[in-house]
2 protein chains.
Amino acid sequence: MDTAPLPDADSPAGKGKALVDDTAAAIRARILSGEIPIGSQLRQVELAELLGVSRTPVREALRQLQAGGLIEVLPNRGAVVRVPAPWEVREAYEVRAELEGLTCVRAVRAVTPDVLRELREANETVRTVSGGSPAGEGSSPSTAANDCFHTLIHTVAGNRRLARAIKDVNEAFPRNVSALVLQDNPRHREDNIREHERIVEALAAEDAERARSEMKAHVISAGEQLARWYEQRSATVFRG
Amino acid sequence: MDTAPLPDADSPAGKGKALVDDTAAAIRARILSGEIPIGSQLRQVELAELLGVSRTPVREALRQLQAGGLIEVLPNRGAVVRVPAPWEVREAYEVRAELEGLTCVRAVRAVTPDVLRELREANETVRTVSGGSPAGEGSSPSTAANDCFHTLIHTVAGNRRLARAIKDVNEAFPRNVSALVLQDNPRHREDNIREHERIVEALAAEDAERARSEMKAHVISAGEQLARWYEQRSATVFRG
DNA sequence: GACCTCTAGAATGGATACATTGAGTTCATT
DNA sequence: AATGAACTCAATGTATCCATTCTAGAGGTC
């Protein structure tokens, strides 16, 4: 009954590891993309037959997601996608802002003309792919470009643990893609691009503290937008 | 065959949740305390009969620990306790320093005379329980007192997500208890206490930035000591 | 004598079967 | 008619069973 095989089961990391990690990645992707809405029940048998596997890997995958804080597992009542309160979003983005700020400080030491060029290109891509996909489901191209900008700085910073910490915070709740908010509001999108430009300028000037504060402001701003989004959508949960 | 029941299976969080989380906590505790040395193989059957449960909860618990980064699960070769390289320790403590620094900034806004008194008491406890337990196994009382100092600041800061991020970093590798290093070296212990005092002073003066920098220096210092410990002990792995 | 290969054993990964618990419904009693 | 209790059903939690794979050892060949 291979109704819907794992999206990335064989091709990308087929050599890699067990079915469990693929299963976890598949479930996480569907939650982050919004395909599985927040607040919805995650029934093991459903997920199992959806992914074409047994319950065992699904259970272990759910444990991984639980450890990450994305889902919540109640005693014997199953797992639900955590529906974050707006203040939780603000808390998380305060943490992320600090971490991304540190990223900039470290990146200043290792910045090169090539890196600056790549950053500007990524930012241009964010601008270019404006009205990309409808705000429906799946990750939009503008999201990917936005992630690319930040990920590039993480790489340049050269602290794997730091990048991981940011990733952990980001994956703690779905729709982390603030780009989803950006799509709806062109005004916010412009602000976002301008903030990126200011960060690049500070990095180019090798002004670590300015880069840090610009990045912190940028992330806090994005967090505020996302928190507002959650406030509005707070009613639309439980199998919208 | 209830040879060695779960240390905290029934009494503390008996109401809480499934066997899995207790199992994960038990394994994590034994790794962090050093009872299970770094680099050692974690065989599922051994853990199962050690904790008096079946293999199933052990497997799920291992997944949780894998998600936390404490252990590494190879394809079909089982799980091993990760042996962190010294540079990984330094990276992690750079992240932790930033986060704990932010904790101080936030704590300044909410600090009260009571809190300052409790912090000083905790620090005195660190000093008092000097030659507590032999550096053998199990968590020492000085470790607990040290944790208490930091945890108290986390609580006052009032950002759960921030506290969680610090906890995640801290539990990423064993012997996180820098107190273990402190025990061996009275000189480091004195430095540690003095750094704590400076942090309390800055908090009392409501000088957020000074509290931040003092805390960052304190954590970086502790990380450096722990990294050196790992450098020396790098040979003593694999079932010491 | 050294190296390669084949086989046997053990440990993990995955699946299924059984027990337990919570929830929903229905029936009986007030 | 409303409320409470008991029963049924469904979903999770746990244990056992089977397949797969990695490793180690023994034997044979070059």
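Remember, predicted model here, so these are calculated numbers, not experimental data.
Nucleic acid contact for B:L62: none, since no nucleic acid atom lies under 4.0 Å from a heavy atom of the residue.
The 5' end of DNA chain C is approached more closely, in terms of each residue's nearest nucleotide, by B:V45 than by the other of A:S54 and B:V45.
Side-chain N/O atoms of A:R63 and B:Q64 include no donor and acceptor closer than 3.5 Å. With 3.5 Å as the limit, one finds no donor-acceptor pair spanning the side chains of A:E100 and A:H218.
Residues A:N159 and B:E94 share a closest heavy-atom pair of ND2-OE1, 3.3 Å.
One atom, CD of B:E72, and another, C1' of C:dT12, lie 16 Å apart when rounded to the nearest Å. Distance CG (B:D22) to C1' (D:dT14): 14 Å, rounded to an integer number of Å. Taking atom CD of B:E46 as the reference point, atom C1' of C:dT12 lies 14 Å away to the nearest angstrom. Atom CZ of B:R55 and atom C1' of C:dA11 are 8 Å apart (whole Å). Atom CD in A:E60 sits roughly 13 Å away from atom P in D:dT14 (whole-Å rounding). In this structure, A:L51 places its CG atom 13 Å from P of C:dG14, rounding to the nearest Å. Rounded to whole Å, atom P of C:dT12 lies 8 Å from atom CD of B:Q41. As rounded to whole Å, 18 Å separates atom P of C:dT12 from atom CG of A:L19.
Using a 4.0 Å cut-off between charged side-chain N and carboxylate O, A:R30 and A:E35 make a salt bridge.
Without hydrogens or angle criteria, A:S40 side chain to A:I36 main chain gives no donor-acceptor distance under 3.5 Å.
Contact of A:R59 with C:dG14 (side chain to base): no donor-acceptor pair of N or O atoms is detected under 3.5 Å. Residue B:R77 places no side-chain atom within donor-acceptor reach of the base of C:dG13, judged by atom type and a 3.5 Å distance cut-off alone.
In the set D:dA15, C:dT16, C:dA11, D:dA15 carries the atom at the smallest distance from any side-chain atom of B:V53. Between C:dG14, D:dT12, D:dA15, one nucleotide has an atom nearer to the side chain of B:T56 than all others, and that is D:dA15. The nucleotide whose nearest atom lies closest to any side-chain atom of B:Q44 is, among C:dG14, C:dG13, D:dA15, C:dG13. Between D:dA15, C:dT21, D:dT12, one nucleotide has an atom nearer to the side chain of A:N76 than all others, and that is C:dT21.
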Mind running side chain to side chain contact (heavy atoms under 4.5 Å, CB included) on A:V45 and A:R55 for me, showing each step along the way? CA-CA 6 Å; A:V45 284; A:R55 267 183 55 205; 3.9 Å; yes
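Below 30°, between 30° and 60°, or above 60°: for A:Y93 and A:F173 the angle between ring planes is below 30°, a parallel geometry.
Remark: DNA chain D forms stems of 3 or more consecutive Watson-Crick or G-U wobble pairs, all pair distances under 3.5 Å, at C:1-30 with D:1-30.
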